[in-house]
Structures are given as C-alpha cells and as structure tokens.
Number of protein chains: 2
Amino acid sequence: MNIGEASRASGVSAKMIRHYESIGLVPRADRQDSGYRDYGPEDVHRLGFVRRARDLGFSLDRIRVLLGLWGDPSRTSSEVKALALTHIKELEGKARHLQEMADVLRGLSLACDGDERPDCPIIAGLEGGPRLSSRHSRDWPTSHSS
Amino acid sequence: MNIGEASRASGVSAKMIRHYESIGLVPRADRQDSGYRDYGPEDVHRLGFVRRARDLGFSLDRIRVLLGLWGDPSRTSSEVKALALTHIKELEGKARHLQEMADVLRGLSLACDGDERPDCPIIAGLEGGPRLSSRHSRDWPTSHSS
DNA sequence: CTGCACCTTCCCATTATGGGAAGGTCAACG
DNA sequence: CGTTGACCTTCCCATAATGGGAAGGTGCAG
C-alpha cells in the first residue's frame with residue numbers, strides 16, 4: 001500500500017512516516033517500481049505502535065528503545081516497566097510544574113479586581129518585589145518597617 | 001552596565017537578552033562607545049518582568065502583550081486578568097493532559113509484573129488492541145462473546 | 001491525452017534556548 | 001608597553017516534533 005493509505009491506517013501523517021524513516025526510527029520502506037514507498041500490515045502495525053507511544057508522551061528517542069524492546073524476544077518486562085515508570089515520573093513532574101504555575105497565577109488573579117482601573121496585582125507580581133509563590137497574599141511581606 | 005551584569009541582575013541569560021532585543025520584545029539597548037550594550041535599572045527591571053512572566057509559563061508573544069499592558073497607563077485590570085485567566089486555562093489543560101497520559105501508563109504499569117519474563121501489558125497496550133484510556137482494566141472489554 | 005489525486009525530495013518555519021567560532025574591548029599586572 | 005584573561009560583538013548551528021509548500025514524477029479514469 002502507498003504511504004497515504006498507511007497513514008490513514010496507522011494514524012501517522014505521511015510527513016511523519018517519512019520523517020521517522022529518515023531518522024531511522026522505522027526501517028526504510030520497500031519501494032514499488034514507481035519509486036513510491038510500499039507498506040505492509042506489519043509496517044502499519046509498527047507505525048500504530050509509534051503513534052500510541054507518542055500519544056502517551058514518549059519522545060522519539062524513547063520510542064526507539066521501546067521498539068527495540070518490542071522486537072526483542074529476550075526482553076524482560078521489568079525493563080519495559082522501568083522505562084514506563086521513569087516516563088510516568090517525568091510526565092507527573094511536568095504536570096506538577098504546570099499546575100504550580102497555574103496556582104501562582106490564580107493567586108494573583110484572585111487578588112485582581114478585574115475592573116476598569118489599571119491597578120493590578122498580576123502586573124505587580126510580575127514586576128518584581130516578593131518572589132512569586134503559591135502562598136496567600138498575607139504571606140507576602142511587602143516590607144518590614146520594623 | 002554591561003550585558004553580563006544586566007544578566008546577573010535580571011536572571012535572564014545574555015544570550016536571551018540579545019535574542020529578546022532581536023525580536024523586538026525589549027527595546028534596542030543603548031550602546032557604549034565600545035559598541036557594548038549599555039543597560040540601566042529600568043532595563044533590568046523590564047528584563048526581570050520578562051523572566052518572571054516566563055517563569056509562569058507565558059510565551060514570548062504573550063509577554064509582548066503583557067509588556068504593552070504594563071507600560072500602558074490606560075490599561076484596565078480586567079484586560080490583564082482576562083489574559084491571565086486564559087493562560088491559567090491553558091496551563092491547567094496541559095497539566096491535565098500530561099496527567100492523563102501518566103494515568104494511562106500507570107494503569108498499564110500496574111498490570112505489568114516487571115519480572116524477567118517478556119510478557120508485558122505495557123508493550124501490549126502500545127501494540128494496539130483496545131484504545132488506550134485511563135479506565136481500569138475491568139472496563140476494557142477485550143471482546144463481547146455475547 | 002488530459003486532469004486529478006497521489007507520490008517524490010528538498011527547503012523553510014515553528015518555540016525558546018544554548019553552544020561555539022572568530023574577532024574586538026577593557027582592565028590589570030608585570 | 002605588552003600580554004593575558006574576562007568580557008563583549010555578530011553569525012551560524014542545534015535542539016524536538018511537526019507542518020507547509022514548491023517543483024516535479026506517477027497512476028488511473030474519463
């Protein structure tokens with residue numbers, strides 16, 4: 001089958017299929033006489049694997065490893081699991097980081113009237129002064145006059 | 001002051017300061033006779049603003065808008081707040097997405113023995129079959145024999 | 001034979017950041 | 001004065017993953 005059909009069948013864009021081939025993530029596809037790439041069910045299967053791994057946030061580099069494990073009959077499930085757990089930690093670390101940023105910003109936003117006047121704690125927070133944290137405003141000692 | 005000092009004072013790398021200038025995010029810096037860029041307290045202040053906005057996950061494009069609002073005496077805090085709330089939604093959306101991926105993977109990992117044998121639900125999950133979801137395994141109807 | 005859909009390769013753009021080269025400036029030290 | 005080392009300049013390249021689009025070849029249907 002042509003690349004377009006393989007793309008539809010696997011959910012990977014033709015552009016990306018070519019790219020994955022160019023970086024050696026997937027083997028070079030066979031060619032028809034026309035020069036068109038030629039894919040079989042196994043290729044589509046592999047591309048689907050890659051797509052699902054991408055959907056779970058794995059980097060192409062890590063997918064390379066996963067593909068190796070996939071095709072390795074002597075793999076151990078502990079290798080796979082270790083890779084997965086590492087990835088889970090990274091995902092959750094990033095999720096936490098994003099949520100922390102959101103929380104800080106929400107704290108500033110709660111203090112912002114959101115009216116027609118220019119005064120705005122959000123701008124003030126960005127402007128400097130106390131480090132941005134997720135704590136409440138009463139924990140922001142703007143100055144210690146003592 | 002030289003760019004190095006401005007960098008240390010603002011927490012923005014010299015490389016990035018030049019970059020921000022090149023894309024017009026911050027005004028072109030004055031030059032000393034030597035050709036060195038020359039920064040004043042106000043410049044450092046602005047760079048600090050940019051850094052803190054970056055720390056909260058704002059894109060440079062949005063920081064451009066924030067800087068505009070910052071310097072606009074006729075801004076309304078509602079404009080700022082709206083921008084912030086939009087950004088919060090995006091951050092939380094991304095955080096949720098990452099967490100969902102982690103949850104799916106954790107589901108697969110829990111089912112994986114992690115021993116010396118090759119059998120691995122994680123690999124099987126990537127390989128295809130039922131769509132990857134965050135549901136429990138008892139919610140994965142592999143087949144309906146009825 | 002024409003037209004349209006599809007394929008090929010190649011280059012460019014994105015986002016934010018950094019590495020590094022080649023060369024100019026400055027200050028200090030001997 | 002001369003050298004050295006820290007600092008500055010600009011310019012190009014790289015990253016990760018994806019897409020846009022151009023220029024040109026292929027295949028099939030009418």
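The basis for the numbers below is simple: all heavy atoms, side chains too, and nothing from hydrogens, waters or symmetry mates. Protein chains get the first letters and strands the later ones, always in sequence-line order, with residue 1 at the start of each.
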Members of residues 42-51 of chain B that approach DNA chain C, where some heavy atom sits under 4.0 Å away: none
Connected hydrophobic set around A:Tyr36, excluding itself, where side chains approach under 4.5 Å: none
Other cluster members, A:Leu91 - Ile/Leu/Val/Met/Phe/Trp/Tyr, side-chain contacts below 4.5 Å: A:Leu98, A:Met101, B:Leu91, B:Leu98, B:Met101
DNA chain D-proximal residues of residues 59-66 of chain A, any heavy atom under 4.0 Å: A:Ser59, A:Leu60
Proximity to the side chain of A:Arg18 - top-ranked nucleotide from C:dT17, D:dC8, C:dC7: C:dC7
Contacting residues from residues 85-97 of chain B, given that a heavy atom lies under 4.0 angstrom of DNA chain D: none
side-chain contact (heavy atoms from CB on, under 4.5 Å) involving A:Glu79 - partner list, sequence neighbours excluded: A:Leu69, A:Arg75, A:Thr76
Side chain of B:His19 (C-beta onward), nearest among C:dT17, D:dT10, D:dA17: C:dT17
Residue pairs fulfilling side-chain hydrogen bond (donor to acceptor under 3.5 Å, both in side chains) with at least one residue in residues 3-29 of chain A, sequence neighbours excluded: A:Glu21-A:Arg37
Degree of bending in the helix from C:dC1-D:dG30 to C:dG30-D:dC1 once both end axes are built from five pairs, to 10°: 30°
side-chain contact (heavy atoms from CB on, under 4.5 Å) involving B:Arg46 - partner list, sequence neighbours excluded: B:Val26, B:Pro27, B:Asp43, B:Leu67, B:Trp70
A:Ser74 and A:Asp72: side chain donor to acceptor below 3.5 Å: yes
Pairs where residues 74-128 of chain A contributes a residue and the test ring pair (Phe, Tyr, Trp, His ring centres under 6.0 Å) is met, not counting sequence neighbours: A:Phe58-A:His87
Nucleotides 19-30 of chain D: protein proximity per nucleotide (B base, S sugar-phosphate only, - neither; heavy atom, under 4.0 Å): SBB---BBS---
Inter- and intrachain pairs under side-chain hydrogen bond (donor to acceptor under 3.5 Å, both in side chains), touching residues 112-123 of chain B, at least two apart: A:Ser77-B:Asp115, B:Asp113-B:Arg117, B:Asp115-B:Arg117
